[in-house]
Amino acid sequence: MKKDISEKSVVTNNRNKIAMIVTWCDADVVVNYGQVLQSCAMAMAVSKLGYKRVMLVSYRERNIRLLWDYYYHHFNPFLNSFKASCLTREMIKRIMSETKVEFYQLFRKEQVEKLAMQADVLICGSDQIWHPCEYNRVLFLDMGRPDAERIAYAASQPMGRIYPEYRQVFRKMEKHLKEFNAISIREKGNIPMFEQMSGKRVENVVDPTLLFTKNEWRKYEKRIDIPEKYILLYIPAQLNRLAEAVLRELQKKTGIKQVVCLAPRCNTKIPNVTYYNSIGTPQFLFLVRNAAYVCTSSFHGVIFSIIMEKEFWCYKWRFVDRRSDLRLDQITEISGLEERLIDTPKKININKKIDYTEVKNKLQPMINRSYEFLKKNYCD
């Protein structure tokens, strides 16, 4: 790797190269705000590196039934999810146009492999693309030309250990990792595991959404009519008792009655809460920024609360089938906000405000190192 990692040097070295990013973007049946925003952030970041051409490939393998489900929920004008999908696609299209990144939504390995043969640099990341529940060799860049560079940015496998039922999957991962030119992951606690599997130095970087400021993300907001003052409750999975208990305690201590809830996957409802389950990603950004308080169990709910400088509390949600999850512990640790990750409503203290000057001072060095990883590994 060259020592000169100035922006001018990067542009000079990359101007004749083609880069392809492989991740997932709006690939769930329900609009996944964090998934969309992290992939858009990857496109925004890589587009600055001076490549001749950049492609963003959203890949999730689907059989005929799953493909039908995807198109039914995203393109059916009779469903409430249709408007959310349309607004989200509009935002993705706008970002790709502004960054001059080509966007592909693909569902078969053969499609990705054909496109990958054009790339000089293959990039995977970020999000939970390396979770063993989601294992697919495409997400480990097992494709393309043998001489293509292979880079991982902020790839996430959040479990923190190798559970017995996944040992065979991790053996497959190990073979792929040895082929990478450079590896960075999002959860610091997994560095020893990935260094042992790959035999390479593994760096810790931030989620790509943190590479951009509040004002940069505000450009993509879309206004929604909402109460003047509200608590935002964002539940990306299912409701549990702790969520309602934390919400009620926050209402009690703040005196705010209005609750705006985003819970697109929830089968149960909390009484006296207004649900906005049919909004697009631009409206999600607007709701986070304008909330008086945020209550969430979402990793990207925490990330965007930090970006938008909100008072927030995060409660843990455990997916039994996905085992342990380091993500919330590690984002609150690196930002110095461990006390905002709670397991009981009694820990809510609304009188102690978040000092975002201090948070930025903690995060900025890591954000800078993350940019340096992108620059030094994406030049000749």
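Between T281 and T88, the side chains place a donor N or O and an acceptor N or O closer than 3.5 Å (distance only, hydrogens not considered). For the residue pair T213 and N215, no side-chain donor N or O sits within less than 3.5 Å of a side-chain acceptor on the partner. Defined by atom type and a distance below 3.5 Å, a donor-acceptor pair is missing between the side-chain atoms of Y33 and Q35. Between the side chains of N368 and E372, no donor-acceptor pair of N or O atoms lies under 3.5 Å. Side-chain contact check for H300 and D207: at least one donor-acceptor pair (N or O, by modelled atom type) lies under 3.5 Å. If you check the side chains of Q258 and T274, you find no donor sitting under 3.5 Å from an acceptor.
Taking the six-membered ring for Trp and thresholds of 30 and 60 degrees, W217 and F304 have ring planes more than 60 degrees apart, a perpendicular arrangement. In this structure, Y135 and F140 have tilted ring planes: the angle between them lies in the 30° to 60° band.
Shortest non-hydrogen contact noted between A41 and F212 is O-CE1, 3.6 Å. The nearest pair of heavy atoms linking H73 to D69 is ND1-O, 2.9 Å. Residues Q105 and Y70 approach most closely at NE2-OH, 3.4 Å, considering heavy atoms.
Using a 4.5 Å cut-off on side-chain heavy atoms (C-beta onward), I348 and K253 make contact. Residues I162 and M193 have side chains in contact (heavy-atom distance under 4.5 Å, counting atoms from C-beta outward). Residues D127 and R186 form a side-chain contact, since some pair of their non-hydrogen atoms from C-beta on lies under 4.5 Å apart. Considering only heavy atoms from C-beta on, M44 stays 4.5 Å or farther from E98 through its side chain. For the pair H74/L79, no side-chain contact is recorded, criterion being any heavy-atom separation below 4.5 Å from C-beta on. Within the 4.5 Å cutoff, side-chain heavy atoms of R137 are placed close to those of H176. Between T23 and Q38 the shortest side-chain heavy-atom distance falls below 4.5 Å. Taking 4.5 Å as the limit, every side-chain heavy atom of K362 sits out of range of all side-chain heavy atoms of I334.
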* To do: Let me see the working for F170 and Y166 under ring-ring contact (aromatic ring centres under 6.0 Å, His included), right down to the final yes or no.
  => CA-CA 6 Å; F170 276 94; Y166 294 120; 7.1 Å; no

* Asked: Stepwise, does the side-chain hydrogen bond (donor to acceptor under 3.5 Å, both in side chains) test hold for N136 with Y59?
  -> CA-CA 10 Å; N136 190 297; Y59 170 73; 3.2 Å; yes

* Check the pair D28, R60 against salt bridge (Lys or Arg N to Asp or Glu O under 4.0 Å), reporting the backbone distance first and the verdict last. => CA-CA 8 Å; D28 288 358; R60 178 155 277 175; 2.2 Å; yes

* To do: Take V31 and S85, measure what side-chain contact (heavy atoms from CB on, under 4.5 Å) needs, and give me the verdict at the end.
  => CA-CA 7 Å; V31 173; S85 297; 3.9 Å; yes

* Report the C-alpha distance between Q157 and N190 in whole Å, list the side-chain angles of each, state the deciding distance to 0.1 Å, and finish with yes or no for side-chain contact (heavy atoms from CB on, under 4.5 Å). => CA-CA 8 Å; Q157 186 293 104; N190 277 331; 3.9 Å; yes

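Separating the CD atom in E187 from the CE atom in M159 is a distance of 11.5 Å, to the nearest 0.5 Å. Interatomic distance, E333 CD to L341 CG, rounded to the nearest 0.5 Å: 11.0 Å. Here the CD-CD distance, from E110 to E113, works out to 6.0 Å after rounding to the nearest 0.5 Å. Separation of atoms NZ (K214) and CD (E221) is listed at 10.0 Å; rounding is to 0.5 Å. Summarising the geometry, atom CH2 belonging to W68 is positioned 13.0 Å from atom CZ belonging to R65; distances are rounded to the nearest 0.5 Å.
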Under 3.5 Å, which donor-acceptor pairs link side chains of residues 222-237 to any protein atom two or more places apart or in another chain?
unit_1 : atom_1 : unit_2 : atom_2 : d
Y230   : OH     : L287   : O      : 2.7
Y230   : OH     : A291   : N      : 3.3

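Not counting sequence neighbours, T296 has no partner by the side-chain hydrogen bond (donor to acceptor under 3.5 Å, both in side chains) test.
Among the candidates R289, R218, K360, the single residue satisfying the salt bridge (Lys or Arg N to Asp or Glu O under 4.0 Å) test with E309 is K360. The side chain to side chain contact (heavy atoms under 4.5 Å, CB included) test with Y51 is passed by exactly one of V46, V101, I18: V46.
Side-chain atoms of D120 never come within 3.5 Å of backbone atoms of K17 as a donor-acceptor pair (strictly under, hydrogens ignored). One N or O on the side chain of Q111 and one on the backbone of F107 form a donor-acceptor pair closer than 3.5 Å.
Judged by the 6.0 Å distance and 45° axis criteria, R340 is not positioned over the aromatic ring of Y315.
Heavy-atom contacts from other residues, nucleotides or ligands closer than 6.0 Å to NZ of K83 number 12 or fewer.
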